[in-house]
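Computed from heavy atoms alone, side chains included, the values below leave out hydrogens, waters and symmetry copies. In the text below, chain A, chain B and the rest are named by the order of the sequence lines, each starting its count at 1.
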4 protein chains.
Amino acid sequence: MSGINKVILVGHLGKDPEVRHLEGGVAVASFPLATSETFNKDGRKVEQTEWHNIVMWRGLADVAAKYLQKGKLVYIEGKLRTRSFEDKEGIKKYTTEVVAENFTMLGRKTDFETEAAPRTNGGRTNDTDGYRNDADDLPF
Amino acid sequence: MSGINKVILVGHLGKDPEVRHLEGGVAVASFPLATSETFNKDGRKVEQTEWHNIVMWRGLADVAAKYLQKGKLVYIEGKLRTRSFEDKEGIKKYTTEVVAENFTMLGRKTDFETEAAPRTNGGRTNDTDGYRNDADDLPF
Amino acid sequence: MSGINKVILVGHLGKDPEVRHLEGGVAVASFPLATSETFNKDGRKVEQTEWHNIVMWRGLADVAAKYLQKGKLVYIEGKLRTRSFEDKEGIKKYTTEVVAENFTMLGRKTDFETEAAPRTNGGRTNDTDGYRNDADDLPF
Amino acid sequence: MSGINKVILVGHLGKDPEVRHLEGGVAVASFPLATSETFNKDGRKVEQTEWHNIVMWRGLADVAAKYLQKGKLVYIEGKLRTRSFEDKEGIKKYTTEVVAENFTMLGRKTDFETEAAPRTNGGRTNDTDGYRNDADDLPF
DNA sequence: TTTT
DNA sequence: TTTT
């Protein structure tokens, strides 16, 4: 039976997205994202930061490469995926990543501007290689 | 700044919850949860299953121990937490877990009944049991 | 700036989906969905049910019409939309609907079977019309 | 059977929270929240704004009153609730609200500062009145 | 009635 | 490695 595997994050990029192209030209972008939580411990403020490995595919990777940068605040929706790999010593390891399905930039307008291509909005972007533009012919 | 770190899963338990008690008596339950996704690959149906390590604390662990069992369908809300540990060979490894904040049992009513304690509903349970003080006595 | 408007529901259909076709042939399905919450009030169990107006468009409406039925348990993801209309007396009223973006059937396998098309799984279906259209070749 | 009724919003307050106190002293805060979506229609950018009626109870209302203001960007998690009421003409109407369960302030640090009480972080706050009440000793 |  |  089908299930639900959904992750919702709001946090800051720890680095610029790193983009690779697979054989076939498929783009893959990845970057670390920090989500911080502040709580009281014995009357003192303590901040705890969690780091997430974000992965974006195809068109979503292209948009990420264009608009996301280290330090930016972003809303990300995706799913968890754990995969194994061998490190340089040949030891099998596991890593859990958040495969993004869409994202929305948050924060000030200036955060969304790049030298080359100033934008006037933070847009939601989907991993659907097109636009999900339900809106074109709606009657409302 | 605070961020958001939220996971929403609907899946089946791969095993009965395993409950430990830390020094101080704090209960911790853990179990694997499978979320399956079915998609078409070249006209054929392919099922892909993702396994998640679920961790529940305190009162939530107690409820899990009492009512969750291998095979049950459950809705879980929580957050991601990656921690490192050393395996038996002394090699540093990382594991990402979903620390549950609440859960709701789904499925037939009979799925919620245990021999000892028949229940008439699936309830939402929270990790609050007093205080949200997940942090105070954690071993991490 | 862009924002987030997301609704996640797990509940039972109160009626079979009702499908209309707009000029242009666009399909729209709608149905009520009940989400129940049980809590303790003075030591007694009380159930509170909330009803939601679900709306599905295009391909998603077609799949809904084909597979969803009164009583089925379903996971729905969508967004809130409030619109105004005039009732028969000409009084302006407002209604808030959940415009579904995808759904996944939950529950027993037999719940997903129809006379015409027995199915072996519940699939996730998206309102993306052309991309990610799991729906094209269902039974999924 | 229990279900899930969850709403996740990121948007701006349209007005300052309005706080009332019920008999018994229970605080209720309410305010409109705008979530905007930008999409392309015939090559032109179109923005569509959805307005949500947010309601917060008890300790959460107090924190809202203290820190939320018109224009602020906020993440809100809650549930849908539709209730009926009679307008001045005695006509029965329905309204759907988002009953917030917790919120997190987003945006620039300066957005979280008030004249009276400059703050250094945005915190997550919960509607649990006594438990998990981060709110007691704010500024958190 | 917000924001970009 | 982010942000406040």
Using whole Å, report how far CG of Asp16(A) lies from P of dT3(F).
11 Å

Expected output: side-chain Asn5(B) to main-chain Leu80(B) donor-acceptor under 3.5 Å:
yes

Under the criteria of a ring-centre distance below 5.5 Å and an interplanar angle below 30°, is Trp51(D) stacked with the base of dT1(E)?
yes

Closest to side chain of Glu47(D), choosing from dT2(E), dT1(E), dT3(F):
dT2(E)

Distance, rounded to the nearest Å, where Leu13(A) contributes CG and dT4(F) contributes P:
14 Å

Under the side chain to side chain donor-acceptor pair (under 3.5 Å) test, which residues partner Glu50(B), sequence neighbours left out?
none

When the distance from CZ of Phe39(A) to P of dT4(F) is rounded to whole Å, what number comes out?
20 Å

Separation of Ile54(D) atom CD1 from dT1(E) atom C1', in whole Å?
13 Å

Atom NE2 of His12(A) to atom C1' of dT2(F): distance rounded to whole Å?
7 Å

Whole angstroms only, please: what is the CD-P distance between Glu37(D) and dT2(E)?
20 Å

Counting side-chain heavy atoms from C-beta on, which of dT2(F), dT2(E), dT1(E) comes nearest to Lys15(D)?
dT1(E)

Of all heavy-atom pairs linking Thr49(A) and Ser36(A), the shortest is OG1-OG, 3.1 Å

Using the test side chain to side chain donor-acceptor pair (under 3.5 Å), find all partners of Ser30(D) that sit at least two apart in sequence or belong to another chain.
none

How many Å lie between NZ on Lys72(D) and P on dT3(E), as a whole number?
9 Å

Leu106(D) CG - dT4(F) P separation (whole Å)
12 Å

Just call it for Gly71(A): base, sugar-phosphate, or nothing, with non-hydrogen atoms closer than 4.0 Å on any strand.
sugar-phosphate

